[in-house]
Amino acid sequence: MNSTWFRRFTTTEGDGPRLVCFPHAGGSATAYMQLARTLPADFDVVAVQYPGRQDRYREAPFTSVAPLVEAVADELARELIADPGRPYALFGHSMGALVAFETARLLARRELPSPQRLFLSGRGGPDVRTSIRYDLYDDAAVLAQVRRLGGTEQTMLDNPDVLEMVLPALRADYRALGAYRWGGGEPLTTPITTLIGDSDPVVTVEEARTWRAHTSGDFAFKVFPGGHFYLADHIDQVAATIAEGLLATAPAA
């Protein structure tokens with residue numbers, strides 16, 4: 001995958017299933033470096049690099065979910081056409097869960113090969129209603145929310161130079177989240193595994209369970225101890241959940 005949209009953090013490209021990972025709001029592809037190095041060596045783990053961060057810093061970030069999804073789907077479609085027999089799955093955390101889900105829906109509408117499974121983490125289904133207007137947040141409100149959620153990138157917020165670089169992407173992502181509206185649609189046939197921290201401050205366990213209504217296929221539900229970024233403390237278990245989920249839906253030999 002040579003596109004500017006994808007990053008690989010392992011030294012070799014595994015010949016097993018491909019896992020495409022979608023970052024959280026304000027996040028970058030490197031959020032999945034540890035996961036890529038924890039999963040079995042035969043997996044090919046790639047992470048999406050949204051515009052406006054790290055080596056794509058000079059590109060304007062998207063402020064709406066739909067065009068971001070379309071751009072990612074376009075890039076994935078090229079890979080699916082180039083390598084049609086390779087099974088793949090999508091993993092998204094927080095905002096990334098929404099982008100991964102909408103990407104799978106768009107690929108299905110285009111009648112392209114479906115993911116073997118969706119792994120949707122740290123977010124409720126697209127139809128979960130919230131009164132929070134993220135699109136109206138100013139910079140102070142965005143930063144307060146990021147601090148509330150925790151995670152491994154907190155030190156960035158204390159460095160003015162780094163903060164100046166990450167704020168445009170954070171601002172854009174929160175605007176995209178706030179403007180998103182679920183438009184309805186038929187459930188996917190793709191199986192879904194939902195993952196959630198039991199003390200997530202913005203998503204309840206029951207809200208995370210609402211993803212069940214968005215697939216007619218198999219549904220698995222995993223609750224981990226921890227908050228919104230529970231993944232950092234349970235990377236081995238998360239990797240095992242992914243490997244188990246892909247094995248359960250592996251195509252027949």
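All residue numbers in this chain count up from 1 along the given sequence.
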request  = Scan F229, Y32, F22 and name whichever one has a ring pair (Phe, Tyr, Trp, His ring centres under 6.0 Å) with H93.
outcome  = F229
Any Lys/Arg nitrogen of [X] or [Y] sitting under 4.0 Å from an Asp/Glu carboxylate oxygen of the other?
{"X": "R212", "Y": "D218", "result": "no"}
{"X": "D138", "Y": "R171", "result": "no"}
{"X": "D55", "Y": "R7", "result": "yes"}
{"X": "D173", "Y": "R53", "result": "yes"}

task = Using the side chain to side chain contact (heavy atoms under 4.5 Å, CB included) rule, take V20 and R18 through it: C-alpha gap first, then chi angles, then the decisive distance, then the call.
result = CA-CA 6 Å; V20 183; R18 175 171 287 152; 4.1 Å; yes
request  = Determine, stepwise, if the pair D74 / R110 fulfils salt bridge (Lys or Arg N to Asp or Glu O under 4.0 Å).
outcome  = CA-CA 10 Å; D74 286 346; R110 294 181 179 181; 2.8 Å; yes
key: CA sep, side-chain torsions, deciding dist, call: I196, K222, side chain to side chain contact (heavy atoms under 4.5 Å, CB included)   = CA-CA 7 Å; I196 188 71; K222 300 287 185 179; over 6 Å; no
Look only at the side chain of [X] and the backbone of [Y], and say whether a donor-acceptor pair between them is shorter than 3.5 Å.
{"X": "S199", "Y": "G226", "value": "yes"}
{"X": "R58", "Y": "G52", "value": "no"}
{"X": "D42", "Y": "G16", "value": "no"}
{"X": "T190", "Y": "R117", "value": "no"}
{"X": "Q116", "Y": "L246", "value": "yes"}
{"X": "H228", "Y": "P201", "value": "no"}
{"X": "Y230", "Y": "D198", "value": "no"}
{"X": "S3", "Y": "E75", "value": "no"}

ask   = Is the number of heavy atoms from other residues, nucleotides or ligands within 6.0 Å of CZ (R109) greater than 12?
value = yes
Using side-chain heavy atoms (C-beta onward) and a distance below 4.5 Å, is [X] in contact with [Y]?
{"X": "L143", "Y": "L163", "value": "yes"}
{"X": "F6", "Y": "Q49", "value": "no"}
{"X": "P23", "Y": "Y50", "value": "yes"}
{"X": "L19", "Y": "Y88", "value": "no"}
{"X": "V146", "Y": "L149", "value": "no"}
{"X": "F9", "Y": "V46", "value": "no"}
{"X": "I242", "Y": "L35", "value": "yes"}

Return the [atom1] to [atom2] distance between [X] and [Y], rounded to the nearest 0.5 Å.
{"X": "L90", "Y": "L76", "atom1": "CG", "atom2": "CG", "value": "6.5 Å"}
{"X": "L177", "Y": "T63", "atom1": "CG", "atom2": "OG1", "value": "11.5 Å"}
{"X": "L188", "Y": "W211", "atom1": "CG", "atom2": "CH2", "value": "9.0 Å"}
{"X": "Q34", "Y": "D236", "atom1": "CD", "atom2": "CG", "value": "8.5 Å"}
{"X": "F43", "Y": "D15", "atom1": "CZ", "atom2": "CG", "value": "11.5 Å"}
{"X": "T215", "Y": "E186", "atom1": "OG1", "atom2": "CD", "value": "12.0 Å"}

Give the minimum heavy-atom separation between [X] and [Y], together with the two atoms involved.
{"X": "E207", "Y": "V202", "answer": "OE1-O, 3.9 Å"}
{"X": "V45", "Y": "C21", "answer": "CG1-SG, 4.0 Å"}
{"X": "W182", "Y": "H214", "answer": "CZ2-CE1, 3.7 Å"}
{"X": "A47", "Y": "A29", "answer": "CB-O, 3.5 Å"}
{"X": "A71", "Y": "F62", "answer": "CB-CZ, 4.0 Å"}
{"X": "A239", "Y": "T38", "answer": "CB-CG2, 3.8 Å"}

inquiry  = Please determine whether side-chain hydrogen bond (donor to acceptor under 3.5 Å, both in side chains) holds for the pair Y180 and E102, giving the CA-CA distance in whole Å, both sets of side-chain angles, and the decisive distance to 0.1 Å.
reply    = CA-CA 11 Å; Y180 175 83; E102 289 289 2; 2.5 Å; yes
inquiry  = Does the structure place the NZ or CZ of R209 under 6.0 Å from the centre of the six-membered ring of F221, at an angle of no more than 45° from the ring's axis?
reply    =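 Here R209 passes the 6.0 Å and 45° test against F221.
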task = Using the ring of W5 (Phe, Tyr or Trp, six-membered ring only), decide whether R56 places NZ or CZ under 6.0 Å from its centre and within 45 degrees of its axis.
result = yes
request  = With L195 as reference, evaluate T241, L120, L231 under the side chain to side chain contact (heavy atoms under 4.5 Å, CB included) test and give the passing residue.
outcome  =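 Running side chain to side chain contact (heavy atoms under 4.5 Å, CB included) over T241, L120, L231 with L195 returns exactly one hit, T241.
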request  = Would you check, one step at a time, whether the test side chain to side chain contact (heavy atoms under 4.5 Å, CB included) holds for L39 with T10?
outcome  = CA-CA 10 Å; L39 282 163; T10 51; over 6 Å; no
message = Checking D44 against R8 for the side chain to side chain contact (heavy atoms under 4.5 Å, CB included) test, could you report, in this order, the C-alpha distance in whole Å, the side-chain angles of both residues, the deciding distance, and whether it holds?
response = CA-CA 8 Å; D44 182 35; R8 183 180 285 112; 2.7 Å; yes
request  = For the pair Q54 and T30, evaluate side-chain hydrogen bond (donor to acceptor under 3.5 Å, both in side chains) and give the outcome as yes or no after the intermediate values.
outcome  = CA-CA 9 Å; Q54 292 186 333; T30 52; 3.0 Å; yes
If you group Ile, Leu, Val, Met, Phe, Trp and Tyr by side-chain heavy-atom gaps below 4.5 Å, do [X] and [Y] land in one group?
{"X": "I192", "Y": "V223", "answer": "yes"}
{"X": "V203", "Y": "V128", "answer": "no"}
{"X": "F224", "Y": "I235", "answer": "yes"}

message = For the residue pair H24 / S94, report whether a side-chain donor-acceptor contact shorter than 3.5 Å exists.
response =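 S94 vs H24: no donor-acceptor pair found between side chains.
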ask   = Hydrophobic clusters join Ile, Leu, Val, Met, Phe, Trp and Tyr when side-chain heavy atoms are under 4.5 Å apart, directly or via other members; which others share one with M165?
value = Y57
